[in-house]
Amino acid sequence: MDTAPFFAEIAGGPDGGHAAWVRADDGVRLRIGAWPVADARGTIILFPGRTEFIEKYGRAAADLGARGYGMAAIDWRGQGLSDRLTGDAMTGDVGDFQDYQKDVAALMRAAGALDLPRPWHLLAHSMGGAIGLRAAAGGLPVASAAFSAPMWGIRMRAALRPLAWSLGWGSQRVGLGHKFAPSTGPKSYMLSEPFESNDLTRDAEMHAHMVAQLTDHPELSLGGPSLRWLFGALQECRRLHALPSPDLPCLTIVGTDERIVDVPRIKARIARWPGARLEWLNGARHEPMMDRPETRQAVWDMLERFWTAHS
């Protein structure tokens with residue numbers, strides 16, 4: 001593995017964080033990152049959400065490091081510093097949603113090559129939750145699976161759902177799948193949406209921190225999803241809904257003010273996952289790990305108890 005750029009100054013993570021380039025089986029170059037911990041109790045394999053990048057989870061790595069866990073993460077294809085897939089680098093695109101599983105395979109090979117301490121535990125947020133559920137069902141070598149606001153369905157008004165399906169399908173047929181999905185564009189949500197109306201966090205300081213990360217390194221930013229991504233995501237959520245639950249311990253955390261993913265789909269999945277737990281965070285929005293300090297503390301306390309019980 002070759003050394004990749006890593007922006008420690010914006011991450012706010014523990015010492016020793018680093019990044020490397022790896023290749024997926026189809027040749028796409030991906031960036032993976034790791035924060036090792038001496039005498040670690042295990043390693044958290046983080047699957048980030050759409051638009052996210054390794055450094056965004058630096059503070060999470062610091063919180064986990066204080067509890068004895070190392071972390072590894074990835075920039076999915078089409079975002080962060082991994083290969084962008086269209087001529088417009090701000091378009092969140094993927095050729096096929098199943099391609100993300102090639103990224104998972106590359107990350108897990110890297111985790112093995114780096115000899116990251118076991119047990120490994122999956123922690124997957126939003127889009128990473130969809131990728132993570134698919135990977136876990138396919139035998140991902142982890143001791144447990146935890147999810148934060150997983151994208152097992154996309155929240156949208158009922159009247160818009162048929163339109164989203166038809167636009168996504170039709171764009172593929174006429175060669176316009178790379179175009180932005182309706183109501184989105186090249187601007188980063190984090191840089192364009194004021195704190196007062198954002199759907200991600202209630203914490204002004206954390207919001208300012210995430211804005212500063214992208215201001216300092218705009219090459220990490222990403223705009224809206226392509227029509228191809230939207231169609232692929234809708235298809236994948238439908239397929240996941242029919243998928244049997246993996247034979248893994250599961251903890252899922254969702255804020256009561258969730259506005260982005262489909263909460264009924266989350267409830268339906270947990271209801272048919274033997275032994276799975278669904279925990280609600282009062283008032284939290286889409287990113288509990290980026291919320292107010294007391295919410296973040298509650299998240300890490302729940303996760304630490306969960307991982308301890310399943311190590």
Taking all non-hydrogen atoms of both residues into account, name the closest pair between Ser188 and Ser221 and its distance.
-> CB-CB, 4.1 Å
Non-neighbouring partners of Arg305 that pass salt bridge (charged side-chain N to carboxylate O under 4.0 Å, His left out), sequence neighbours left out = none
Taking C-beta and beyond as the side chain, do Gln98 and Gln235 meet within less than 4.5 Å on heavy atoms?
-> no
What's the spacing between Leu281 CG and Arg296 CZ if we round to 0.5 Å?
-> 12.5 Å
Ion pair present between Asp103 and Arg77, side-chain N to carboxylate O less than 4.0 angstrom?
-> yes
Is any side-chain heavy atom of Arg50 closer than 4.5 Å to a side-chain heavy atom of Leu222?
-> yes
Polar side-chain atom of Arg269 near backbone of Leu240 as donor-acceptor pair, under 3.5 Å = yes
Kindly indicate whether the side chain of Thr86, heavy atoms from C-beta on, has any atom under 4.5 Å from the side chain of Ser226.
-> no
Looking only at non-hydrogen atoms, find the nearest pair between Leu30 and Ala24 and report the distance.
-> CD1-CB, 3.9 Å
Quick note, ring pair (Phe, Tyr, Trp, His ring centres under 6.0 Å) partners involving residues 36-57, not counting sequence neighbours, are Phe47-Trp76
Ser311: what forms a side-chain hydrogen bond (donor to acceptor under 3.5 Å, both in side chains) with it, not counting sequence neighbours?
-> His121
Heavy-atom nearest pair, Gly12 first then Ala62, reads O-CB, 4.0 Å
Hey, is the main chain of Pro288 close enough, under 3.5 Å, to the side chain of Arg292 for a donor-acceptor pair?
-> no
Scan for salt bridge (charged side-chain N to carboxylate O under 4.0 Å, His left out) pairs involving residues 131-140, sequence neighbours excluded, and state none if there are none.
-> Arg134-Glu236
In short, salt bridge (charged side-chain N to carboxylate O under 4.0 Å, His left out) pairs touching residues 202-225 with sequence neighbours left out are Arg59-Glu205, Arg202-Asp291
Roughly how far, to the nearest 0.5 Å, is the OG1 atom of Thr201 from the CE atom of Met206?
-> 7.0 Å
Does atom CG of Asp257 have more than 12 heavy-atom neighbours from other groups under 6.0 Å away?
-> yes
Heavy-atom closest pair, residues Pro119 and Arg41 = CD-O, 3.5 Å
Check Ile45, Val142, Ile253, Leu303 against Leu123 for a side-chain contact (heavy atoms from CB on, under 4.5 Å) and give me the one that passes.
-> Leu303
Taking the six-membered ring for Trp, is the centroid-to-centroid distance between Tyr69 and Trp300 below 6.0 Å?
-> no
Option passing salt bridge (Lys or Arg N to Asp or Glu O under 4.0 Å) with Lys102 (candidates Asp26, Asp96, Asp83) | Asp26
So do the side chains of Gln101 and Ile131 get within less than 4.5 Å of each other, counting heavy atoms only?
-> yes
Met90, Met210: one ILVMFWY side-chain cluster at the under-4.5 Å cut-off?
-> no
Exam field: side chain Glu55 to backbone Phe6, donor-acceptor pair closer than 3.5 Å = no
Give a yes or no on whether Ile10 and Leu200 share a hydrophobic cluster (residues Ile, Leu, Val, Met, Phe, Trp, Tyr; joining criterion: side-chain heavy atoms under 4.5 Å apart).
-> yes
Donor-acceptor contact below 3.5 Å, side chain Thr252 vs main chain Phe147 | no
Is the shortest side-chain N to carboxylate O distance from Arg155 to Asp199 below 4.0 Å?
-> no
Evaluation steps, side-chain contact (heavy atoms from CB on, under 4.5 Å), between Thr91 and His178 | CA-CA 8 Å; Thr91 306; His178 62 287; 5.7 Å; no
Please round to the nearest 0.5 Å and tell me the distance separating atom CG of Asp88 and atom CZ of Phe180.
-> 4.5 Å
List the steps and the verdict of side-chain contact (heavy atoms from CB on, under 4.5 Å) for Val22 and Arg109.
-> CA-CA 9 Å; Val22 297; Arg109 286 195 298 268; over 6 Å; no
Can you measure from CG (Leu191) to CG (Leu214) and round to the nearest 0.5 angstrom?
-> 5.0 Å
Can you find a pair of side-chain heavy atoms, one from Thr184 and one from Pro225, that are under 4.5 Å apart?
-> yes
Give a yes or no on whether Phe195 and Ile260 share a hydrophobic cluster (residues Ile, Leu, Val, Met, Phe, Trp, Tyr; joining criterion: side-chain heavy atoms under 4.5 Å apart).
-> no
Start with the C-alpha distance between Glu287 and His207, add both sets of side-chain angles, then the distance that settles side chain to side chain donor-acceptor pair (under 3.5 Å), and finish with yes or no.
-> CA-CA 11 Å; Glu287 297 194 0; His207 185 272; over 6 Å; no
Roughly how far apart are Leu116 CG and Trp35 CH2, rounded to 0.5 Å?
-> 12.5 Å
Geometric cation-pi criterion Arg265 and Trp152, 6.0 Å radius, 45° cone | no
Measuring from Ser82:OG to Ile54:CD1, what's the distance to the nearest 0.5 Å?
-> 7.0 Å
Are Trp307 and Val37 linked, directly or through other ILVMFWY residues, by side chains that come within less than 4.5 angstrom of each other?
-> no
Sorted by chain and residue number, the side-chain hydrogen bond (donor to acceptor under 3.5 Å, both in side chains) partners of His125 (sequence neighbours excluded) come out as Ser148
Check the pair Trp21 / Met1 against side-chain contact (heavy atoms from CB on, under 4.5 Å), numbers first and verdict last.
-> CA-CA 6 Å; Trp21 297 119; Met1 289 180 285; over 6 Å; no
Are any of the side-chain nitrogens in Lys56 or Asp75 under 4.0 Å away from the carboxylate oxygens of its partner?
-> no
Leu251 side chain reached by Ser144 side chain, heavy atoms, under 4.5 Å | no
At their closest point, which heavy atom of Pro194 faces which heavy atom of Ser192, and how far apart are they?
-> CD-O, 3.5 Å
Search all heavy atoms of Ala136 against all heavy atoms of Leu248 and return the closest pair with its distance.
-> CB-CD1, 3.9 Å
Quick one: do Ser126 and His286 satisfy side chain to side chain donor-acceptor pair (under 3.5 Å)? Show the steps, please.
-> CA-CA 8 Å; Ser126 195; His286 185 57; 2.8 Å; yes
Donor-acceptor under 3.5 Å (Thr43 side chain, Trp120 main chain) = no
How far apart are the C-alpha atoms of Ile270 and Cys250, what are their side-chain angles, what is the distance that settles it, and do they pass the side-chain contact (heavy atoms from CB on, under 4.5 Å) test?
-> CA-CA 9 Å; Ile270 298 303; Cys250 170; 4.0 Å; yes
Are Tyr189 and Asn198 side-chain neighbours, meaning at least one heavy-atom pair lies under 4.5 Å?
-> yes
Are any non-hydrogen side-chain atoms of Leu85 and Trp229 less than 4.5 angstrom apart?
-> no
